[in-house]
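Heads up, the thing below is written out as structure tokens.
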2 protein chains.
Amino acid sequence: MREPDVDKRDETVTADDVAKRAGVSRWTVNRAFKKDASISQKSREKVMGAAKQLGYVPDLLASSLASDRSNMVCLLIDDFANPHKLVMLERLTRFLRKNGWDTLLVNTSDEEDTSAALLNASQRRVDAAVLIGSQFTDRSLATALGARRVRKLIVFARTSENPNTISICCDDRAAMNEIANYIIGKGYRRPLFLAGPQTSSAHLGRKETFLTKWHDTFSTTPEFISVARYDPQLAYDRIVSHFAGRTAQEITDVIVCENDALALGAMDAIRTEMGLRVPQDIAVTGFDDIPQADSANYRITTYRQPLSAMAEGLVQVLKGTADSDQLCHFIGKLVERESA
Amino acid sequence: MREPDVDKRDETVTADDVAKRAGVSRWTVNRAFKKDASISQKSREKVMGAAKQLGYVPDLLASSLASDRSNMVCLLIDDFANPHKLVMLERLTRFLRKNGWDTLLVNTSDEEDTSAALLNASQRRVDAAVLIGSQFTDRSLATALGARRVRKLIVFARTSENPNTISICCDDRAAMNEIANYIIGKGYRRPLFLAGPQTSSAHLGRKETFLTKWHDTFSTTPEFISVARYDPQLAYDRIVSHFAGRTAQEITDVIVCENDALALGAMDAIRTEMGLRVPQDIAVTGFDDIPQADSANYRITTYRQPLSAMAEGLVQVLKGTADSDQLCHFIGKLVERESA
DNA sequence: CAGTGATTTGCTCGCGCGTGCAAGAGTTTT
DNA sequence: AAAACTCTTGCACGCGCGAGCAAATCACTG
């Protein structure tokens, strides 16, 4: 059996059409499509039958306009060189969709300011805007908040000092301390910290935590360098230039990277450009546990954020059932591999 | 100076409010925000002034409902293990946004069928749905077309036999022939083709083209193997199992991969698991020119699709100004590196 | 300054559905 | 069997804006 009334599909079929066919009112039709609506089993079946015949589905645009809830969230991202973003996108879209939210993806790498993008999102009445990029300064966040009708501004996988935003992230301090302890336990004593953009407070968190921890333990502050983007290529170049003309393995015995994207570049530089071995000559650690970190070529010792739990946290924030104390204290897991 | 009337921002400000303040009608207000509307310079300035004071921006939701144009396109993706997707997402979102379209990202890796996702997209009245995943069979496309109100169904970076879809892709046949010629010219004579999911007609195109070309030249048909997803890890495992217990370099001198995602895994397998060198023992070619292909560790000889031109083509399709003959014949560029 | 055409402005009606209430139907209690 | 419920259904009104037309205004010309 094929769908009946196939010819009708060109014109938009509204709840009124279904109502006429099912012999009920339009409101009963729309009730039939609401999960917890007050409607009898009998008329729901009548409606659903008619709806299927006509190929009716509720119009979410009209629904959003009328109810002032769009069931869309806007994801702002500016950091497409970092493979971890693909993982985050996969996880977030899946969890959001499973819970009834659609995802609006906005590329903010072009925008000088995120506020334009946020303004645009607000024009669509998104229920929330989620920042998962890296270049958002707290200042730009502040101005961005000028764009209202964005009910919730959420910073994902990063801490934010801005009191008007909700931050969902793992406990970076605990995580970095765990990495530091691991490194110390392994006997490394001449670390180099490779950081990302200095505008990001996340990296401030990780870098500061590591440097502080090290200082507390050995009373010396390790060297650190940074790159402008979380981009393996930039990390590669930076490592090369940092060690140019020096005997790297005598200066440094481990490179602690702010995340795996940087670690990839660092490892490539160590092996290909400098001709050294990881971890024998110089060890490397990362953060995020991206898929490549587990590949045969890299095998990076890293820290896995509990992305699914964090995505679940985001859903709870959207539902308004979140426990705000827990949102910034997700606990991940150190993944020990061969790179350190 | 900070924004005046800050206190007003909590309530939604509509065109009516602006109209009252500017001393014009509501329709004049909305005209002021339309690029090519018939409105005098003077009243536009009046309106814009009032709008800025009140913090007004047009509501795209209401606009979409009234005009039946949402200015949204839906991107369907199921292939998050392929790093190339991140590049595509970056490019597409940027071009779309620059031309006035917002992007709805739908993760279809969970869905048994894409039609559910398409149905959902249609409920949002997207102007077009763009398939950039890999698992869409032409059969599923056919059933997916049952979900109407999706004005345009576009298959991006892949050919499609379905006449109801618009396919935007580079000329795979020309590209693969170029790769084949390159390989032949380099003197390789024992190729192995590593393909992706057999449901994808794109891979059919590339694989078939290569095998046919080879047969035409040497009257022998090379061996080929395949994996279920464009995932480096799967490619790694497949290559390992394929050569298990055999002296690989005697069987094969080049592995032609359907894309870079597979090439990454293949190279890792050759070097790490089999202890061989690329390209001296076994060469490798890819397709897509993902960022990692250019990294010091891989240096993959590959084929770069003209993504920006293709994204521009998508925009033209949306605008209705596309030259349909050209949509499937974008020409890319062979990028010669050290892997073959 | 009336007359003509070009431009600008206002307006009616509708996009498809949600909210909240009141009327109707169905069920239980005494 | 009437009263007292509960559940279900229908409805007026509104969400914010757009298409298309009619009225109003403007810019010239002779």
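Labels below follow one simple rule: chain letters A, B, ... track the order of the sequence lines, proteins then strands, and each chain is numbered from 1.
- With no hydrogens or angles considered, a side-chain donor-acceptor pair links A:Q41 and A:E45 at under 3.5 Å.
- Scored by the side-chain hydrogen bond (donor to acceptor under 3.5 Å, both in side chains) test, B:R31 finds no partners at all (sequence neighbours excluded).
- Taking the nucleotide of DNA chain C with the nearest heavy atom to each of B:S67 and B:R44, the more 5' of the two is matched to B:R44.
- Residue B:L65 is classed as a base contact, given a heavy-atom separation below 4.0 Å to a base.
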Quiz prompt | Chi angles and distances behind the side-chain contact (heavy atoms from CB on, under 4.5 Å) call for A:E90, B:S109 | solution = CA-CA 9 Å; A:E90 196 281 327; B:S109 50; 3.6 Å; yes
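- Side-chain atoms of B:R31 and base atoms of D:dG18 include no donor and acceptor less than 3.5 Å apart.
- The residue B:S64 sits apart from the nucleic acid: no heavy atom pair falls under 4.0 Å.
- For D:dG10, the OP1/OP2 oxygens have a side-chain nitrogen or oxygen of A:T28 closer than 4.0 Å.
- Note on A:F33: nothing from the nucleic acid sits closer than 4.0 angstrom, heavy atoms only.
- Between B:S63 and D:dG16, a side-chain N or O to OP1/OP2 separation shorter than 4.0 Å is absent.
- Put simply, A:S40 has a side-chain N or O that comes within less than 4.0 Å of OP1 or OP2 on D:dT9.
- For A:W27 and C:dT19, a side-chain-to-base donor-acceptor distance below 3.5 Å is present, hydrogens and geometry of angles not being considered.
- For D:dA19, the OP1/OP2 oxygens have a side-chain nitrogen or oxygen of B:K34 closer than 4.0 Å.
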